[in-house]
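Chain letters run A, B, ... following the sequence lines, proteins first and then strands; every chain starts at 1.
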Protein chains: 2
Amino acid sequence: MAATDKALAGLRQMIASGELGPGAKFPPEPELCDHLGVSRSSLREAVRSLGALGVIESRHGSGTYVTALDPAAIIGRFSLSVELIPLEGVLELLEVRRVLEAHATAAAAARQDPELEAQLSSVLDRLESTTDATEIQHLDAEFHGLICAAGGNPTVTALTGVIRGRGGHYRIFEPGADFDAIKQTSDRGHRAILAAITTRDPAAAATAASAHIAQTELWLRALRPVPQPALP
Amino acid sequence: MAATDKALAGLRQMIASGELGPGAKFPPEPELCDHLGVSRSSLREAVRSLGALGVIESRHGSGTYVTALDPAAIIGRFSLSVELIPLEGVLELLEVRRVLEAHATAAAAARQDPELEAQLSSVLDRLESTTDATEIQHLDAEFHGLICAAGGNPTVTALTGVIRGRGGHYRIFEPGADFDAIKQTSDRGHRAILAAITTRDPAAAATAASAHIAQTELWLRALRPVPQPALP
DNA sequence: TGACCAGAAGTGGTCTGAGGACTTACTCTT
DNA sequence: AAGAGTAAGTCCTCAGACCACTTCTGGTCA
């Protein structure tokens with residue numbers, strides 16, 4: 001077994017066995033090297049691997065710790081890889097988002113939360129009054145993010161957020177021939193979702209959300225823009 | 001900006017910009033070090049990070065390559081972190097699986113594929129005739145995996161597979177007082193799913209799959225076994 | 001007594017250099 | 001033309017040194 005793999009397995013085992021729970025601190029690097037039987041370089045590469053996956057966190061000068069192992073945070077790490085997925089794969093991911101977000105939107109509609117409805121209405125007012133692509137993207141993310149959060153499952157919120165972020169790199173809302181038509185269709189979709197939530201109709205909310213995202217899928221399929229995602 | 005972060009950003013940028021597409025080969029390590037302005041240690045830690053995320057693959061003696069950037073493969077990498085998530089988080093993830101698998105099962109039912117139905121029936125015959133916990137787990141995974149694959153979205157298949165794998169670490173089917181009752185309920189759930197698929201009823205299939213997984217969630221909530229996942 | 005500051009110890013971050021292990025391509029032999 | 005052997009290219013691992021940051025400790029001063 002390769003040295004780095006040995007270190008990786010050892011670190012994972014320390015967590016899986018319950019020896020180190022969420023938030024626990026690992027021994028110092030030299031001690032871990034002895035314990036795992038690898039050099040410091042190999043150990044550090046293993047630590048980086050688990051760090052990229054959101055399982056371990058190194059704090060300079062302080063130590064190395066197990067993260068909270070919160071599923072939403074771990075899924076958030078996916079954005080590093082999802083942002084590099086080509087368009088073909090993004091379409092597969094959008095189906096996941098469509099299904100999950102329909103579910104979350106239905107749950108949000110069942111909650112009967114006037115404050116949420118006021119927030120959403122405010123976001124839509126701002127969204128409908130702008131034509132700036134970046135602002136559209138941010139407000140769209142806020143709208144859907146608020147709804148997903150109201151759905152009550154942070155994991156769903158994180159997962160849909162990652163996928164939405166990837167889709168946003170393909171700029172549908174570039175000023176162009178179809179801009180007005182696309183924008184109007186999008187705005188109507190958002191209003192339909194809000195209406196279903198306001199009338200506390202989960203089934204209608206799921207349908208509206210599903211249709212709205214399906215529309216996005218159609219635009220992406222049709223546009224097939226140059227797959228050149230912008231990094232943050 | 002820290003050295004490793006600089007290397008990480010540089011590597012990602014090379015992929016995101018389109019300079020290196022899926023399957024492309026990176027320059028040798030010394031050359032990359034020059035280009036990115038970091039030492040070999042830092043570069044290698046960055047490569048490991050992207051390797052853990054399924055974006056980059058290093059082949060000993062050959063070179064470092066961009067992976068196929070296939071979303072299913074990238075999601076599969078999640079199992080390394082998901083397998084360490086505590087029970088509380090697993091319940092959130094199971095809701096994701098329930099929603100996605102209901103969707104995939106409905107799609108499978110709409111496909112009208114006699115060969116699939118024969119395969120599923122065979123798996124259930126074997127599943128119903130065993131009481132071995134490990135075999136139950138494998139056959140259960142095969143049953144649900146076949147259905148998800150028939151659903152047509154590999155990303156959904158990968159995602160549900162990762163979550164199912166995590167849930168499997170909690171051994172519901174340990175021989176005990178409730179074993180027979182649990183096993184019978186589980187078997188009935190599987191038959192209900194297969195019946196809906198055989199009668200080509202997507203709505204019934206979605207409902208049956210959703211109910212079956214919801215039952216698993218209930219068992220996990222009730223049992224709250226010692227969270228000691230087994231590593232492969 | 002309390003707050004603040006300086007130093008010391010602990011810990012991760014980075015760099016350099018060396019040798020080993022594996023893959024690949026080439027060349028020579030049969 | 002096929003095979004074995006060789007050489008070049010590349011990643012893997014280790015070791016040691018030094019730097020940067022955090023944390024704790026002890027003392028000082030108001």
Side-chain angles (χ1 to χ4, degrees), chain A residues 1-15 19-69 73 77 80-81, chain B residues 1-15 19-69 73 77 80-81:
Chain A
M1 192 181 213
T4 302
D5 291 339
K6 187 163 66 171
L8 198 59
L11 293 173
R12 290 190 73 223
Q13 186 57 42
M14 290 173 76
I15 302 174
E19 180 184 343
L20 293 176
K25 181 177 180 176
F26 281 92
E29 288 182 348
E31 198 171 322
L32 273 178
C33 292
D34 275 359
H35 177 48
L36 299 172
V38 299
S39 73
R40 211 179 143 213
S41 316
S42 300
L43 171 69
R44 285 186 55 78
E45 290 186 15
V47 168
R48 283 283 181 188
S49 289
L50 290 176
L53 292 168
V55 170
I56 279 182
E57 185 186 7
S58 279
R59 297 179 207 153
H60 191 180
S62 174
T64 303
Y65 303 81
V66 181
T67 66
L69 294 179
R77 287 324 209 85
L80 289 174
S81 47
Chain B
M1 192 182 214
T4 302
D5 290 340
K6 188 163 64 171
L8 198 60
L11 292 173
R12 290 189 71 223
Q13 186 57 42
M14 291 172 77
I15 302 174
E19 181 183 343
L20 293 177
K25 182 177 179 177
F26 280 94
E29 287 180 348
E31 199 171 321
L32 272 178
C33 291
D34 275 359
H35 178 49
L36 299 172
V38 300
S39 73
R40 253 193 84 210
S41 320
S42 301
L43 171 68
R44 285 186 55 77
E45 291 186 16
V47 168
R48 284 283 181 188
S49 289
L50 290 176
L53 292 168
V55 171
I56 278 182
E57 184 186 7
S58 279
R59 298 178 207 155
H60 190 178
S62 173
T64 304
Y65 303 82
V66 182
T67 66
L69 294 179
R77 287 323 207 85
L80 288 173
S81 47

Requested in this report: Could you tell me whether a side-chain N or O of B:Arg12 sits under 3.5 Å from a main-chain N or O of A:Leu80, the two making a donor and an acceptor?
Outcome: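 Yes, because the side chain of B:Arg12 sits within donor-acceptor range (under 3.5 Å) of the backbone of A:Leu80.
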
What nucleotide among [options] has an atom nearest to a side-chain atom of [X]?
X: A:Ala3; options: C:dT11, C:dT14, D:dT13; result: D:dT13
X: B:Ser58; options: D:dC11, C:dC15, D:dC14; result: D:dC11
X: B:Pro30; options: D:dT22, D:dC11, C:dG13; result: D:dC11
X: B:Lys25; options: C:dG12, D:dT10, D:dC14; result: D:dT10
X: A:Glu29; options: C:dT24, D:dT13, C:dG12; result: C:dG12
X: B:Ala2; options: C:dT11, C:dT14, D:dC14; result: C:dT14

Requested in this report: Name the nucleic acid region contacted by A:Arg44, choosing base, sugar-phosphate or nothing; use a 4.0 angstrom heavy-atom cut-off, strictly under.
Outcome: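 Base: the residue A:Arg44, judged by heavy atoms under 4.0 Å, touches a nucleobase.
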
Requested in this report: Indicate, with a heavy-atom threshold strictly under 4.0 Å, whether A:Arg40 touches base, sugar-phosphate, or nothing.
Outcome: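 Result for A:Arg40 = base.
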
Report yes if a side-chain nitrogen or oxygen of [X] is closer than 4.0 Å to either non-bridging phosphate oxygen (OP1 or OP2) of [N]; otherwise report no.
X: A:Ser62; N: D:dT22; value: no
X: B:Ser42; N: C:dG13; value: no
X: B:Ser41; N: C:dT16; value: no
X: A:Arg48; N: C:dT14; value: yes

Report task. Identify, between B:Pro28 and A:Gly37, the residue whose nearest nucleotide on DNA chain D lies closer to the 5' end. Result ->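 Its nucleotide being nearer the 5' end, the pick is B:Pro28.
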
Just the rounded figure in Å: distance from [atom2] of [N] to [atom1] of [X].
X: A:Leu43; N: D:dT13; atom1: CG; atom2: C1'; answer: 13 Å
X: B:Glu57; N: D:dC11; atom1: CD; atom2: P; answer: 13 Å
X: A:Glu31; N: C:dG10; atom1: CD; atom2: C1'; answer: 12 Å
X: A:Arg59; N: C:dT11; atom1: CZ; atom2: C1'; answer: 13 Å
X: A:Leu8; N: D:dC12; atom1: CG; atom2: C1'; answer: 15 Å
X: A:Glu45; N: D:dC11; atom1: CD; atom2: P; answer: 12 Å
X: B:Tyr65; N: C:dC22; atom1: OH; atom2: P; answer: 17 Å
X: B:Ile56; N: D:dC12; atom1: CD1; atom2: P; answer: 12 Å

Report task. Apply the test side chain to side chain contact (heavy atoms under 4.5 Å, CB included) to residues B:Thr67 and B:Arg77: give CA-CA distance (whole Å), side-chain angles for both, the deciding distance (0.1 Å), then the verdict. Result -> CA-CA 12 Å; B:Thr67 66; B:Arg77 287 323 207 85; over 6 Å; no

Query raised in the report: Should A:Leu8 and A:Leu50 be marked as a side chain to side chain contact (heavy atoms under 4.5 Å, CB included) after you check the CA-CA gap, both sets of side-chain angles, and the distance that decides it?
Result: CA-CA 8 Å; A:Leu8 198 59; A:Leu50 290 176; 3.7 Å; yes

Query raised in the report: Can you check whether B:Ile56 reaches B:Phe26 side chain to side chain, under 4.5 Å on heavy atoms?
Result: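 Yes - at least one pair of side-chain heavy atoms lies under 4.5 Å apart.
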
Query raised in the report: Can you check side chain to side chain contact (heavy atoms under 4.5 Å, CB included) on B:Leu43 and B:Leu11, steps first, answer last?
Result: CA-CA 9 Å; B:Leu43 171 68; B:Leu11 292 173; 4.3 Å; yes

Report task. Give the intermediate values and the outcome of side chain to side chain contact (heavy atoms under 4.5 Å, CB included) for residues B:Ile15 and B:Leu69. Result -> CA-CA 10 Å; B:Ile15 302 174; B:Leu69 294 179; 4.1 Å; yes

**Report entry** Side-chain donor/acceptor contact of B:His60 with base of D:dC11 under 3.5 Å
**Finding:**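 In this structure, the two groups form a donor-acceptor pair.
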
